[in-house]
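Input: a single structure, listed below in structure tokens.
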Amino acid sequence: MIGRIVKIALDSPLDTEFDYRWLPAQEGDSEPRIGQLALVPFGRREVIGLITAVGDASDYDASKLRDVIALRTQLEPLPPAWLDLCRFAADYYQRPLGEVMLPCLPKGLRTASTVALDRALKKRATARPVAAAAPASATVLNTGQQAAVDAITAAQGFAAHLLFGVTGSGKTEVYLHAAETVIAREQAQGRSAQVLILVPEINLTPQLENSVRARFPHLQVVTLHSQLAEGERLRNWIAAHHGDAAIVLGTRLSVLAAMPQLKLIVVDEEHDPSYKQQEGLRYSARDLAVWRARQLDIPLVLGSATPSIESWQHAGNGRYRRLDLTQRAAANAQLPRVGLIDMEVNKAPEGLSAPLLAALRARLERGEQSLLFLNRRGYAPVMHCDACGWISHCRRCTAFMVLHKPDRRLRCHHCSLEQRIPRACPTCGNVDLQPLGRGTQRIEEQLQTLFPQARVLRIDADSTRRKGSAQAAFDSVHRGEVDILLGTQMVAKGHDFQRLTLVGVINPDTALFSQDYRAGERLFAQLMQVAGRAGRAGTAGNVGNVAQSAELAASGSQPAIGMQRSEVLVQTRYPQHPLYRALLAHDYAGFAEATLAERRSAGLPPFVFQALLRAEAKQLQQALDFLQAARKLMPCEGIVINDPVPMTITRVAGQERAQLLVESASRARLQAFLKPWMAALREMKSRLRWSLEVDPVDI
Ligand SMILES: [Zn+2]
Ligand SMILES: [Zn+2]
């Protein structure tokens, strides 16, 4: 019998692929193919791997190799373009290939049992075809939207577009029109087409999903994100992989889905930090989307009201084409008026200033909704004792235990350590412990005291722990069952609240003085985004409609007489800060240009390229010593390797953490350095936990 030698990538930290022998069990067994999944013995286990090469068994002595147990012939092999994408990601982010390929497949494919896979494939075979209902009539585009759609769909081959439009300017309509055009054009040629739409938040997929389904009832639309049940995730992944799904809507992980007919990629809110994976393969889904579009020679759309500084730079130097949406899509919809409340003048020991309270009261009287934004969950960030100065440190982290009043606990947000609120000060016995500072729970309590008739709803990670509870909460806002919505960045993104006419921002100043050079960029984006929640429909005439989706429900209704323009009030102690001046003017372009100039003179990204090596150990010195040794491993021409330093939050869960920043003005040179450096580091066989992040976002 003629056998084959196959190279197989396994989910293993060893940076290599493994050779196995394949022998047909009987005459006529189908041969192994590149891209196929295979069950193989590995140590004492049986694991799933992916075939990356197939050779002749006669090439060399295969008798010492272990045998492939089974091929997953029921599944189409992963296509070459997908293998290339994984190879690129493994290379660029310095990870073993198997640790890129395998973890991005649904769990049901990575088990020795084929039960889940067979069930999913059976469902696929018996699925009824999608109803041939008439597509919902498309909204008429305004001139800016139409020009954007024309530019995107006229592109030949790879073209990256930065769709720059204020919130409410109808970016989603542009995406859907472009998708429609691209799919129709391929169909006219007798080919099928797939479109990938990335969104930053799982919470935003349901509303977008509904609009996409309504718009394309004749096409299969699937979602891919980490909260799908395993069975559904597997079925959806297979629908993408087999080309059944014309539109795939997903969070960052979907950028690694196999889509053989991919013809257009959209990255909505491309600046959003959640596109960056923070563990394992630390990839940027936005950056991989750009690479993938270029590899496939297809158009790409990056949409944002506040593009990342990197994308803004690319638009400036011509690598991306900027498409501006300057008007809000709803006729008569205006940008909200932004006002700053000077907190030096308006002292507010309880957190809410008199002007903000007055504005809230006016909304309550008019039956309109308000939103308060405070990016800090819990009741108070720290508890302390007035008598002796004790404060609620976490004993495992360089951080405070946060007071969570409703469940009467102190909780560390870094290591999840929990304890009951002490009855008395652990140091001096004083029974009068005080909360310091304010989180969303405390503001909620205050609102309930001040406005006992108002229906107050808090939305943050604590209030939405149960599956589906976030959606239920947002639905109740849309139904008008909430007068004051209060929340963290969860409420800032994407949602289209039609009855909302006031946005209050409670304590944004800390970001102005952060060590993180990206803090300002993030704050500006957050404030623009949360400001964009107000006055989306433009008119009180829309009150009573249930919003269907972001940017879609915007229709052309006439303004009601006497309608107030929406308002955004920011409480700050630094009203003269350039960031706030730019916010007042809705001037993202000015802010971005100023930021770019600053970065250039400070030698920060995007003008340099960085990689960050992190190490953790029981003793800080061990971590620093490891990094010091790493630093001396290689000559580094054209590379700057900085001194190892402790991380800002040095200790988390009892581990001391330090980092080493590597920089170069040339991306290619940095990449050329990293590869052998990583190999040398692995050779050190250190017992410390360490990791490398390329293009780090949190330094
Ligand atoms: Zn005390
Ligand atoms: Zn902790």
Side-chain angles (χ1 to χ4, degrees), residues 273-274 276-280 282 349 374-442 458 460-465 487-490 507 510-511 513-516 519 522 612-624 626-627 644-660 687-691 693 696-699:
S274 60
K276 179 79 195 230
Q277 165 103 347
Q278 294 291 9
E279 57 193 23
R282 291 172 167 80
L374 171 61
N375 216 359
R376 176 171 268 165
R377 65 191 173 89
Y379 186 84
V382 58
M383 275 199 98
H384 94 133
C385 168
D386 260 343
C388 75
W390 172 86
I391 42 180
S392 57
H393 280 290
C394 173
R395 60 185 154 80
R396 306 169 64 198
C397 308
T398 328
F400 298 120
M401 301 283 279
V402 177
L403 173 60
H404 286 254
K405 202 170 173 187
D407 31 332
R408 303 177 157 278
R409 302 191 82 75
L410 293 179
R411 197 172 284 146
C412 173
H413 289 182
H414 297 277
C415 73
S416 309
L417 186 71
E418 280 197 13
Q419 65 180 76
R420 249 186 286 165
I421 300 173
R423 283 174 206 285
C425 171
T427 315
C428 74
N430 172 17
V431 291
D432 191 23
L433 293 178
Q434 293 297 323
L436 259 184
R438 248 161 298 278
T440 46
Q441 291 171 357
R442 193 168 187 181
R458 170 168 59 86
D460 56 28
D462 298 309
S463 74
T464 54
R465 214 147 270 187
T488 55
Q489 45 88 23
M490 277 183 75
N507 181 20
T510 42
F513 308 102
S514 166
Q515 299 187 13
D516 181 350
R522 266 189 226 132
L612 194 64
L613 181 66
R614 294 195 180 93
E616 54 180 72
K618 277 266 168 268
Q619 306 293 328
L620 181 59
Q621 197 53 49
Q622 295 172 311
L624 290 168
F626 169 83
L627 295 175
V645 290
M647 287 175 64
T648 315
I649 297 173
T650 311
R651 192 171 68 248
V652 167
Q655 293 288 313
E656 304 281 345
R657 310 177 312 156
Q659 65 186 31
L660 180 69
R687 287 174 152 202
L688 290 195
R689 279 182 55 150
W690 59 271
S691 62
E693 181 171 357
V697 287
D698 279 314
I699 296 184

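Each ligand, and each atom within it, is numbered from 1 in the order the structure gives. Here the structure is a predicted model, which is why all the values come from computation and not from measurement.
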- Message: Given the Zn ion (ligand 1) as the apex, I'd like the angle to SG of C428 and SG of C385, rounded to 10 degrees.
- Response: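 The SG/SG angle about the Zn ion (ligand 1) sits at 100°.
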
- What angle, in degrees and rounded to 10°, do you get at the Zn ion (ligand 1) when you join it to SG of C388 and to SG of C425?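 With the Zn ion (ligand 1) as the vertex, the angle is close to 110°.
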
- Message: Measuring only between side-chain heavy atoms, which start at C-beta, is H404 closer than 4.5 Å to Q441?
- Response: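 They are in contact (side-chain heavy atoms under 4.5 Å apart), so the answer is yes.
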
- Message: In the structure I gave you, are the side-chain heavy atoms of D432 and D386 within less than 4.5 Å of one another anywhere?
- Response: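 No, too far: nothing below the 4.5 Å cut-off.
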
- Message: Any N/O/S atom, side chain or main chain, of H413 closer to the Zn ion (ligand 2) than 2.8 Å?
- Response: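 No, since none of the N, O or S atoms of H413 sits under 2.8 Å from the Zn ion (ligand 2).
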
- Message: I need the SG(C412)-the Zn ion (ligand 2)-SG(C397) angle, rounded to 10 degrees.
- Response: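 Seen from the Zn ion (ligand 2), SG and SG are separated by roughly 110°.
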
- Query: Should R411 and E418 count as an ion pair when the cut-off is N to O under 4.0 Å?
  - Reply: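 Salt bridge present between R411 and E418.
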
- Message: With side chain to side chain donor-acceptor pair (under 3.5 Å) as the test, pick out the partner of R377 among D460, D462, T440.
- Response: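 Of the listed residues D460, D462, T440, the side chain to side chain donor-acceptor pair (under 3.5 Å) partner of R377 is D462.
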
